[in-house]
Amino acid sequence: MVLPLAVTDPADLARVEKLFGAMWSIRRAVQRDARARVDAYWSAFHERNEDGAKAVRQRLGLSREAVERCAYKHLESSGHLKHHASKALAMHMADEVWNGIQRHLFADATGKRHGRPKTGRWYDFTHIPGRARSHTADRKWETFRLAGSLHGHVMAHTDGGRHTFAQPRHMRVPAVVPTGNTTGSGKPGTRKATWWDHTGPLAVVFAGGPDSSRGDLVLPVRIPQQPGQWARVEHFLSNPGRWHKVDLVRRRKASAPSGWVYEAHLMVLGPGYTAPAVRQMREQATALDRIGGVDGNVSNVSIVSFPAGLDPADGSPASTEITLSPEEWALLEREAKKRRGRARALERSRRATNTAQYGLSKKQIRHAERRAAKGLTPKTVTVPGGARDARSDGVSKQAFRRDRISGGYRELRARQAEAAASMAEHRRHRARQVARQIIAIHGPVLVVEDCDIRTWYRLWGKHLSQTTPGLLISALERECQAAGGRLVRASTWSTALSQHCLCGERVKKTLRDREHKCIACGLVGKRDLVSAALASFVRFADVDDPKTAYLDTTASRHAQIVFAQGLEEALRESTAPSRTTTSRGAGHAAVPRQRRGTSAPRTAGRRSRATPDEPRPKRDHAGKPGHRPGCNPQLTLW
């Protein structure tokens, strides 16, 4: 659970900033040492062949314990870091660095390994991991601890229950008062009260570094008060015995005094919170007993499902198209306009503070020539509009990182990062909502083609950021697992769903063809809906291996005969529309209005490159492009 921290005291704010600065110094030093060790490991080729890779790693110190000792060494040898950071924090920061090294040295289940470890940037350093609370030893929580209780927090901010719950902007730091508990001597009031005895308002407490003389760092907690949040708050905060770990996180916010706001991420021992309505929806989805297919497109996502037994008594085919509504298109256009404005403002600010690196524009040159011809004094140009001073190969003579940056530029960049994070969270929230609606209609057992979304970005670029098909499929996969089902992936090489009909006939279509028309059986419908319907009849020799997928044309032909008219209606329009969809007419994909001519904003028809749904072209003897009828697609896309 994310708990916002009310860091309003300038002294506390300065301590938190110094804490992040100290942890950044430790992390950067450990990362640099680890990068040097990794380079030495890969350079020792002959030694690895003779003595083995494990012996070389042990000699170079490429292990979790060695990286932790490296962090301890940097902490001990510094003169100031022990005033702010503790040994436990250094250990956990070293563990995070080791996790990145481990992903680079050892391949994962798919045989891939991450790239060479990098140091990163200061503005990307936003997370300080804390040590988990011990549930076996009494009163042991060595780093960030959450003190107080939910009841005490509510009573403190309702004045004993006399008015409604309201947390002021400047929250007072809670103090530990003597409790009057007894020690082993039996005399009352002889033991000093600690944070374990605190039952008042919630606060995150950090004891500071080993050489710190400023006492505990106490950061008041602000409980979320949005509608519908109280049940979630009680789930996480009502039982202090379940509190397990607290991480300190900062987030960019330009309006904050320091440009950052601070949060405590609380982990509890137990399941996460799920709203009652979501639990009920998942239970109902599990009882649907349907199997469906998903067809992802650059501009929309189509889903078609059938009863599991293909019995008309159990239901009829249902189809859904997920597209962007007019309100969402308007929101995207407004955000794009704001983003372009912020980018122009950043460029103007950079040019104004680095005038020597830019030349004059043609308009500015003509204006200067006219003034010189009239005998006027030259006018100083504050914002040059020409090209940047570069070498003959186009590389800038001065690196951008060496430019002078003003305070206004930093604020604009912070607002840009904040807006991007807000938009990303909006997309994730929409994906979760859409996935839950799909599960409620079509059930948690779905089949989708296995593809690489990165290839889509090479073809269609930034327009994928508007519809986010990959994000929708990922959210749908998580919702299927949460509801007790599974989203199974099928290889496009062995199925070719967009090139087949339900009757089993192969119907070739280019990416520009958005309607399916079968000459053999006469079936007419939307291309994406037909592909989604065919995905429902994909079978697997091994469910975990997408390459073993094959299309069961016998079952699809049987379903076409059994459901007949209802199936044709489902393949022409959405029979179970989602609240996030909009009707755009039969046969029209959900593409931007200004580019309705093709299926997606790409260079279709301008180059002979193979698309996800059409075979690779070949050249005949006359040098003209032709098609090989039996050629498989070369791009693993939907």
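Starting from 1, each residue takes its place in the sequence as its number.
- For R428, the salt bridge (charged side-chain N to carboxylate O under 4.0 Å, His left out) partners at least two apart in sequence or on another chain are E425.
- Residues satisfying the side-chain hydrogen bond (donor to acceptor under 3.5 Å, both in side chains) criterion with E263, sequence neighbours excluded, are R251, H265.
- Partners of E569 by salt bridge (charged side-chain N to carboxylate O under 4.0 Å, His left out), not counting sequence neighbours: none found.
- Among residues two or more places apart in sequence or in another chain, the salt bridge (charged side-chain N to carboxylate O under 4.0 Å, His left out) test is passed with R15 by none.
- Classified by interplanar angle (parallel below 30°, tilted 30° to 60°, perpendicular above 60°), the ring pair F144/F206 is tilted.
- Scanning for ring-ring contact (aromatic ring centres under 6.0 Å, His included) contacts around H92 gives an empty result, with sequence neighbours left out.
- Scanning for side-chain hydrogen bond (donor to acceptor under 3.5 Å, both in side chains) contacts around H114 gives an empty result, with sequence neighbours left out.
- Among residues two or more places apart in sequence or in another chain, the ring-ring contact (aromatic ring centres under 6.0 Å, His included) test is passed with F306 by F537, F563.
- Using modelled atom types and a 3.5 Å distance limit, the side chains of T468 and R427 yield no donor-acceptor pair.
- Qualifying ring-ring contact (aromatic ring centres under 6.0 Å, His included) partners for H127, counting only residues two or more places apart in sequence or in other chains: none.
- Scanning for side-chain hydrogen bond (donor to acceptor under 3.5 Å, both in side chains) contacts around R486 gives D544, with sequence neighbours left out.
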Might you work through the side chain to side chain donor-acceptor pair (under 3.5 Å) test for W196 and D138, ending with a clear yes or no?
CA-CA 10 Å; W196 295 101; D138 188 25; over 6 Å; no
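- For S406, the side chain to side chain contact (heavy atoms under 4.5 Å, CB included) partners at least two apart in sequence or on another chain are S349, T353, Y409.
- Residue pairs satisfying the ring-ring contact (aromatic ring centres under 6.0 Å, His included) criterion with at least one member in residues 216-238, sequence neighbours excluded, are listed as follows: H235-Y273.
- For H426, the ring-ring contact (aromatic ring centres under 6.0 Å, His included) criterion is met by no residue, not counting sequence neighbours.
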So S305 and R290, side chain to side chain donor-acceptor pair (under 3.5 Å) or not? Walk me through it.
CA-CA 6 Å; S305 63; R290 299 178 68 90; 3.1 Å; yes
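- Using a 3.5 Å distance cut-off with no hydrogens or angles, the side chains of S212 and H84 do not pair a donor with an acceptor.
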